[in-house]
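Reading through the structure tokens given below for one structure.
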Amino acid sequence: MRVAGRSTAPKERHAERAPAPRPGDHTGLDADQLPDGLVVADECGRVVRFNAAAERVTAVRAADALGQPLEKALPLEDLEGRRWWQLTDPYGGLAIRTRQPERNLLLPGGREVLVSARFVRDEPLGPVRSLVVALRDTEARRRTERSHAELIATVAHELRSPLTSVKGFTATLLAKWERFTDDQKRLMLETVDADADRVTRLIAELLDISRIDSGRLELRRQPVDIGAAVGRHIQAYVAAGQRADRFLLRLEQPLPALWADPDKIDQVLSNLLENAVRHGEGTVTIDVTPTASPREGEETGTSVTVSDEGPGIPEESMNRVFTRFWRGSKRGGTGLGLYIVKGIVEAHGGTITVGRAAGGGAEFRFTLPVAAPAYLA
């Protein structure tokens, strides 16, 4: 290692796009600013509001919907082809109903939308004075479902191989222990041990993903010597057989005091260095420098750049590097490591980017705020 400094009844009302705020109403709420589609029908069942998101979700213009009966402006059907508003009869149905839970419905042409509704009454059991309908595109849900399906498929695939190996070797040893030499037994047990470690790592990755996706990734901040942490990882690679001169660590002093979760930072460094060693070529350079903090209210932060001299990452793949299941090559791995790295860095309030190194290889750069505890600020 080289180290260098450095969303049918009484009289009809006229339809309105969006009434002006009432005096004293300081919310300034504009229905067109809502992220979900909003459709409001009056006590006669005619549309009085149809916001911009509803136009986008339904592909119906607000000018064509306003003033129209709800079942004409929004001709929804259930998945069995039944007309939804006739089926549910919001104005003539049970007087105890107050809402319609979200469900998948279809617009003409088979366009699928998520629909929920609220029945507004002036008093319990009274007539419906307005019907508020919320619309959402199903694409976000489909992406989530596809992501979950991919995760399950990946986990099943990654678990099958090591568990098959573990089961095979242990069953063989139990059935034919006396037939094997000590060296053969050791080899089998070492393989079982390695495969058990592989399963353990995968489970740890899945737990990390669960915490990141739910926003429950816990950080235990302590003072972290980032230079020393990088040094330990390099020494571990050298001890495992890598050449010491393949790594160049450059520290720019003085570095600001860094408060972070040391175990999580070790996980970030381990993933980035492993990628550089496994997928890159030539010298792996690690630059640790003071830099502007990525968080408002703090002046300084710490930046770590890991680069190699390999073929690098294709330009068309740059925007997918930190997504689930992305793999830079076919040489193993679950494709979850960099997704977890990004989640850990962002949980610290930091940022991470990928680009092309000066030597042509991949360059990963993450920046962490100093993030001193409040009692030391």
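For Asp78 against Arg103, the heavy-atom pair with the smallest separation is CB-NH2, 4.4 Å. Scanning all heavy atoms of the two residues, the minimum distance from Ala41 to Gly45 falls at CB-C, 4.0 Å. Taking both residues in full, the closest heavy atoms of Ala347 and Arg221 are given as O-NH2, 4.1 Å, listed atom of the first, atom of the second, then distance. Thr367 and Val345 make their closest contact through O-CG1, 4.3 Å (heavy atoms, listed as atom of the first residue, atom of the second, distance). Between Ala73 and Val47 the shortest heavy-atom distance is CB-CG2, 3.8 Å. Closest heavy-atom contact between Ser293 and Pro369: OG-CB, 3.4 Å.
Residues Ile234 and Ile226 share a single hydrophobic cluster, defined by chaining ILVMFWY side chains whose heavy atoms lie under 4.5 Å apart. Following chains of ILVMFWY side-chain contacts shorter than 4.5 Å, one can reach Val354 starting from Phe366, so the two form part of one hydrophobic cluster. When the side chains of ILVMFWY residues are joined at heavy-atom separations under 4.5 Å, either directly or via intervening members, Leu34 and Val120 end up in a single hydrophobic cluster. Transitive grouping of hydrophobic side chains (ILVMFWY, heavy atoms separated by less than 4.5 Å) keeps Leu79 and Leu105 in distinct clusters. Under the 4.5 Å side-chain heavy-atom criterion for ILVMFWY residues, a single connected hydrophobic cluster contains both Leu87 and Val128.
Counting side-chain heavy-atom gaps under 4.5 Å among Ile, Leu, Val, Met, Phe, Trp and Tyr, the cluster of Leu94 also holds Ile96, Leu125.
Between the side chain of Thr191 and the main chain of Leu187, a donor-acceptor pair closer than 3.5 Å is present. Counting only distance, with no hydrogens or angles, the side chain of Asn271 and the backbone of Leu338 share no donor-acceptor pair below 3.5 Å. Between the Thr172 side chain and the Gly168 main chain, a donor and an acceptor come within less than 3.5 Å of each other. Formation of a donor-acceptor pair under 3.5 Å by the Thr283 side chain with backbone atoms of Thr285 is not found in this model. A donor-acceptor pair under 3.5 Å is formed between the side chain of Arg121 and the backbone N or O of Arg97. In this structure a side-chain-to-backbone donor-acceptor pair under 3.5 Å is present from Glu55 to Ala62. Remark: the backbone N or O of Trp259 is not paired with any side-chain donor or acceptor of His348 at under 3.5 angstrom. Between the Gln68 side chain and the Ala65 main chain, no donor and acceptor come within less than 3.5 Å of each other. Under the 3.5 Å distance criterion, the side-chain polar atoms of Trp84 are left unmatched by any main-chain donor or acceptor of Leu106. Although no hydrogens or angles enter the test, the distance criterion places no donor-acceptor pair under 3.5 Å between the side chain of Arg246 and the main chain of Val284.
Ion pairing between a basic and an acidic side chain is recognised when a charged N comes within 4.0 Å of a carboxylate O; Arg46 and Asp42 show no such pairing. A salt bridge is absent between Glu178 and Lys176; no separation between the charged side-chain nitrogens and carboxylate oxygens falls under 4.0 Å. In summary, Arg61 and Asp64 engage in a salt bridge, as defined by a charged side-chain N under 4.0 Å from a carboxylate O. Residues Arg201 and Glu205 are not paired through a salt bridge, judged by the lack of any N-O separation under 4.0 Å between the basic side chain and the carboxylate.
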Start with the C-alpha gap between Leu114 and Leu135, add the side-chain angles, then the distance that decides, and say whether side-chain contact (heavy atoms from CB on, under 4.5 Å) holds. CA-CA 6 Å; Leu114 295 170; Leu135 305 170; over 6 Å; no

Arg56 vs Asp137, test: side-chain contact (heavy atoms from CB on, under 4.5 Å). Steps then yes/no. CA-CA 9 Å; Arg56 185 182 67 251; Asp137 199 328; over 6 Å; no

Quick one: do Phe364 and Ile313 satisfy side-chain contact (heavy atoms from CB on, under 4.5 Å)? Show the steps, please. CA-CA 11 Å; Phe364 289 87; Ile313 299 170; 3.8 Å; yes

Criterion side-chain contact (heavy atoms from CB on, under 4.5 Å) on Thr291 and Thr300, from CA distance to verdict: CA-CA 6 Å; Thr291 188; Thr300 59; over 6 Å; no

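Counted by atom type alone, His279 and Asp308 present zero donor-acceptor pairs between their side chains at under 3.5 Å. Counting only N and O atoms by type, the side chains of Asn51 and Gln33 include no donor and acceptor under 3.5 Å apart. Donor-acceptor pairing under 3.5 Å is lacking for the side chains of Thr323 and Arg320.
Note that the CG atom of Leu248 and the OG atom of Ser307 stand 8.5 Å from one another [nearest 0.5 Å]. In this structure, CG in Leu202 is found 4.5 Å from CG in Leu206, a value given to the nearest 0.5 Å. In this structure, CE in Met188 is found 15.5 Å from CG in Asp193, a value given to the nearest 0.5 Å. Separating the OG1 atom in Thr88 from the CG atom in Leu131 is a distance of 8.0 Å, to the nearest 0.5 Å. Between Ile344 atom CD1 and Asp261 atom CG the span is 8.5 Å, to the nearest 0.5 Å. Remark: Arg136 CZ to Asn104 CG distance equals 10.0 Å, nearest 0.5 Å.
Residues passing the ring pair (Phe, Tyr, Trp, His ring centres under 6.0 Å) test with Tyr237, sequence neighbours excluded: Phe247. With sequence neighbours excluded, the residues forming a side-chain contact (heavy atoms from CB on, under 4.5 Å) with Thr305 are Asp287, Ser303, Glu363, Arg365, listed by chain and number.
The side-chain heavy atoms of Leu38 and Val40, taken from C-beta on, include a pair separated by under 4.5 Å. For the pair Lys264/Leu219, a side-chain contact is recorded, criterion being any heavy-atom separation below 4.5 Å from C-beta on. In this structure the side chain of Val60 reaches within 4.5 angstrom of the side chain of Phe50, judged on heavy atoms. Counting heavy atoms from C-beta outward, His233 and Gln235 have side chains that stay 4.5 Å or more apart. Put simply, the side chain of Leu76 does not reach to within 4.5 Å of the side chain of Glu71, judged on heavy atoms. Inter-residue side-chain proximity for Ser116 and Gln100 is flagged as unmet; no heavy-atom pair is nearer than 4.5 Å. The closest side-chain heavy-atom distance from Thr302 to Val370 is not below 4.5 Å. In this structure the side chain of Leu173 reaches within 4.5 angstrom of the side chain of Lys185, judged on heavy atoms.
The neighbour count for Glu315 CD, taken as heavy atoms of other residues, nucleotides or ligands under 6.0 Å away, does not exceed 12. Around atom NZ of Lys72, no more than 12 heavy atoms belonging to other residues, nucleotides or ligands sit under 6.0 Å away. Surrounding CZ of Arg356 are more than 12 heavy atoms belonging to other residues, nucleotides or ligands, all under 6.0 Å away.
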